[in-house]
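Structure first, commentary second.
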Amino acid sequence: MEPGSEVRLRVAQCFRTLSSSTDHGDIIDALKTLNSYLNDGAESRTTSAEREEFRRSHYSRTLRVLVGQLQADWMHSLSAAQLSQVWDPLFLKGPPDQALLVLMEAVSELSPSTGLDRLVCITERFLQSGHLADLLWSFCLQPAPSGSPQLRETLLARLTSLPDITANKLHPNNRALFVPQRYYPLLALEMLAALERTCQALRGGTDCSSTFVAQTLGKVCVQGHSGPVLAVMAPRLAVCTRSDMVWQRVCWKLLENVPERWMESVLTGLVQAVKSPDAFSRIVGNLVLTNKKAHFVLTHKVLLLQYKYETPVLRTLLGYLASDSDRRPLLIQVVRSVSQAWANPSAVKHTPLEQQLYVSKTLLLTVSLLTDSELQELRSDLLQCMLGGMQSHLDSSVVRIRTMGMVVGECLSSRMEINGTKLKFEYKQNEETRELLSLMTPSMCTEPEPEPADGAEFAEETREPSTHRSTSQSRPASQRSKSDPDSDLDSDDDLTPYDMSGDQEMSRASPPRYLRDCLETLISSEDSERVELSLRVAESLVRRNVFAAKEISVQMTKVLLHMEDKYSIDGFLALRQAAMVALTVIDSVPVTQYLTTEFYSLNYSLRQRLDILEVLALAAQELSKPASDKTTPSTSTTSELTSYQTNNPADWRQVVDKRIQSKTKLISKGSTQPVTKAAPNRYAPVAGYFFFPLLRNYDKPEVTFDLLGSDQLVLGRLIHTLGLFMHLAVNAPIAAQMGAALLDFLWAVRYHADQMVRRGVLFAVCSVFLSVPSQSLLVDLSEQLFETRTWLADVAEGDPDADCRSLAVQSLVLLDKSLKKQLQDPTALSLES
Amino acid sequence: MSRPAPCPIYTLRGAGAPLNTLHFRCPGGDTPLLFSGSAKGAIHIWNLNSRRAEMVVEGHCGNSVIWVSTLRSGDSLMSQGRDMQVCLWDLKEGRSEAVDSVWTGSVGFCQCSLLETSPSNYLLAFAGSQTEEIKIIEMPSKNPVSTLIPDTKLGMVMCIKLWKSDSGLGPLLFAGYEDGSLLLWDVTQRSELSHVKAHPEPIMCLTFDPRHLRGVSGSCEKKLSSWMLDNQNNIQLQDCVMLVNPGVSQLRIRDDSRLLASAGWDHRVRVFSWKKLQPLAVLQYHTDMVLSLAFSDHQDPRQRLLAAGSKDQRISLWSIYNERADTG
């Protein structure tokens, strides 16, 4: 009899015994017989041909039979020791791929029972004892692996989704080993082990294939587990490839073999996990040149289409491109495309700010990596990019974009050295600009990677900083003793200075005491000191003499509006603004009439128009507040004139109050705050004067002022101010009319290209929904509401600016709330009917 | 946060005229006294315990008193007036009579400088009748010691300071002139030891710390100029201290060489650390120019006072940086 049929006969006999016998002895014998096909030892009773045959064609079936018999009586009657001797090894000693398939199949099919628990235990042991590495290794060895492609595919699926299968079945009694946080690092270690064996085999002259490992890696990554897997693999690979050429080749081969559809997730994961460009370069090799997908991902997608990666990732990637002469042309290509993207005016307008920041960072990093000769070659491209890009950035109404443009322009110009000249801008330093500037200096991130095998190096490293520290500590001490030879003399250190903020310049002239004098000085005086003093007291004079102020309010507003800072007075703008606000508050109707007319007239600078808007907004705010605090003049202007009053009266009052409180026993604490007095809203009657004239002429372009054209800055402010007026007019009778007019006006500019304008529009819409009574919202504005809703939904979904999106969502919420309130209110409905 | 600016501990009013000069005498057992010279020729003697004027000495025929001082020994008071007289007063047992007087001939505002060489003898330096002339006489014998006239035209003498160094040289004298020059004279040799141009404008005041050989001078500009004396008795200009408002009428260093105070034309007294010239405090009380300053000579350092006399006819008294503990 040939070995094949003999094996089949004996296996079939065993199966019969297992399914029908009730005798323990028979069963154990059968199991032992099956085990004997798996034991390779010298004492084995079977020949190697028989074992081979069993493994190839009977093993899966054997396991299935065993799984099918899990509920059989003999399973319960066998002792635990017996089971672990004859039952468990059948799963653990056979070919791991078949075992895994059967186990996974069984786990997903069985319902919770002791049998399932048994299988889960076996699976756990299977994972713990390194069978995954055996499995992967078995696929590395055989150039033409056993089984059909479908089988491979299934195995791959089971291998990568083991946590999902177990979680679906076992929840909430899942094993710790099966959760993704534990399983995927384990899988990564097993892959590393398989690769290690591959390396050894290659050194021994055996051919190996890393296709299956590559497929596993790709599939795991594409399922979103690239983080944990590569966090384990990347550092190890980086260390191994440092000196070992075989490892390098294995790595390159591995990545080449990753199927194209999974390539992107592997590469992006890897570039994030690796710490330095060198390591990335060692692991990936010249893949970017040979693989189309890798080329697209690394030179285009990561840089220009996505913007989620951190700066170190960009550094790694661009450093990788720059580090090899073969890849250098790609860097040039990247510079070209990135600089085009940066300079694209439409991109500046329509892409999110975060992406622009990302592109700017990329541009600076690439430029810092270029050599001088390459710069020469790219000069014209870069110059064009710089000039065009700067223009579109500086045109933007968003401060961050402007700053970004300035920083990038400065860096580019300093790198290119155009005739030795450099651009220099004045901008406020913040975290962002500092980061951008720091990108121009080449990173020193070539820090030695930790060598896990070599502990001595580590110890040395940790010891070194401490010695550094001690020397650096000793140095300043010696310096100090050198610089102060007479430190034994009493030093000044214990003389702590008093507050010296009161020490200011003396002015010779005295401030004007009458409003008319003040106005006269502002109009005609050439004496800088008197002008300054007049300006400083203007606000308090206006507020103190309401009647006098009313007589000259318009004239004084005119003077202030046209006033220039001829003498560079400290705080000029704030003083002028405060005085104008005071005038507007005191005498609202004529002054607002004057200001709103002037807003649309010829021959004003943008600054003046913005001033008008600011003054109106502040005045409206002040009017809408309760009037109790209207008579307190601003104290800052008078403090320096009273030299007798050396300490602040507020201070002693606080001290006295505190003392009284500490000495007083409070039986019960009443309301400590004074009751707010009810006061008439001073804004409600005049709201219309603030609001409607500004809506009148917006679409009438003047020679010097084109609100709907290039003067979008003013338009944004105008809309914002109108929104503010609307907001402050809550509870005013006129609010409904204002809301209707404002919505009408906004309709024309709702899709304005500038994001500041769009933000203003959305703010104004919010304020309409907040201020207009919900009833009139439903009755008067019903036909507009529907369209507004659709528009808001559109903005909330698709606007490139994050602020706009959130504002749109907010207005939708407000609208819904208001409508719901109205519809649920039965009295309102009855009123309507 | 820094402490709020200090307030005066009390003020003395009733002098009825701008106070050109102040002088403390606070001996151990006796009542502490403050002498003030007013622009109307009155010398007030203030009792610092009762805080009242104990006595008013009218001298100098109603002419402005520009300098008062006392001798270490006894109850003698010296005063200099714009009537070109330096008078010596006997104040024993409530008397107030001029016992002696010296005619100076100076029409300027230069204050005298006094140096006690022995318990009975002392040197008095004052501006003479000629423009640049400084005279030093020995008192009480009134023997002229020397007359110092510089070789070049420097304008009027603005301020002088007579002192004696530890190195055994004869008495030395610093003099500030109208053109901003600062000269160091050897009194006995009648020779110029050093000459620097410390200010572009007239030197209004100067003071010198013989212990550290450092001095400071003020002018009608916005800065104080500090200088020191090297081993060869050369004046070396050091860094300046900038002030917020221009004009200094008097500078004083406290006896323990820790504080420098300046009387400003901007109504404020500024206090600096003497060692590093760090600004420490700005004393705001007066409503007109501060003309004079004095640190008291209390033996207990905790009682030390700073007095400031102003054109607004008041004297303010301040107690600052008196204890190491309270300054920490």
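Residue numbering restarts at 1 for every chain, and letters A, B, ... go by the order of the sequence lines.
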Review point. Should we count CZ of A:Arg513 as having more than 12 external heavy atoms under 6.0 Å?
Key: no

Point to revise | Over 12 non-hydrogen atoms of neighbours within 6.0 angstrom of CD in A:Gln429 | key: yes

**Study point:** Heavy atoms from other residues, nucleotides or ligands near OH of A:Tyr514 exceed 12 (cutoff 6.0 Å)
**Key:** no

Check your understanding: So which part of B:Pro279 gets closer than 4.5 Å to some heavy atom of chain A, the side chain, the backbone, both or neither?
Key -> both

Check your understanding: For B:Arg270, what residues pass the salt bridge (charged side-chain N to carboxylate O under 4.0 Å, His left out) criterion, not counting sequence neighbours?
Key -> A:Asp503, B:Asp266

Practice item. With A:Leu495 as reference, evaluate B:Val271, B:Leu280, B:Ile320 under the side chain to side chain contact (heavy atoms under 4.5 Å, CB included) test and give the passing residue. Key: B:Leu280

Check your understanding: Checking B:Leu243 against chain A: side chain, backbone, both or neither under 4.5 Å from a heavy atom?
Key -> neither

**Study point:** Any side-chain heavy-atom pair of B:Arg3 and A:Asp499 under 4.5 Å
**Key:** no

Check your understanding: Is the backbone of B:Leu283 close enough, under 3.5 Å, to the side chain of A:Tyr498 for a donor and an acceptor to pair up by distance?
Key -> no

With a cut-off of 3.5 Å and sequence neighbours excluded, list every side-chain donor-acceptor pair involving residues 294-301 of chain B.
from     : atom 1 : to       : atom 2 : distance (Å)
B:Ser296 : OG     : B:His298 : ND1    : 2.8
B:Ser296 : OG     : B:Leu305 : N      : 2.9
B:Asp297 : OD1    : B:Cys26  : N      : 3.0
B:His298 : ND1    : B:Gln303 : O      : 3.1
B:Asp300 : OD1    : B:Arg302 : N      : 3.1

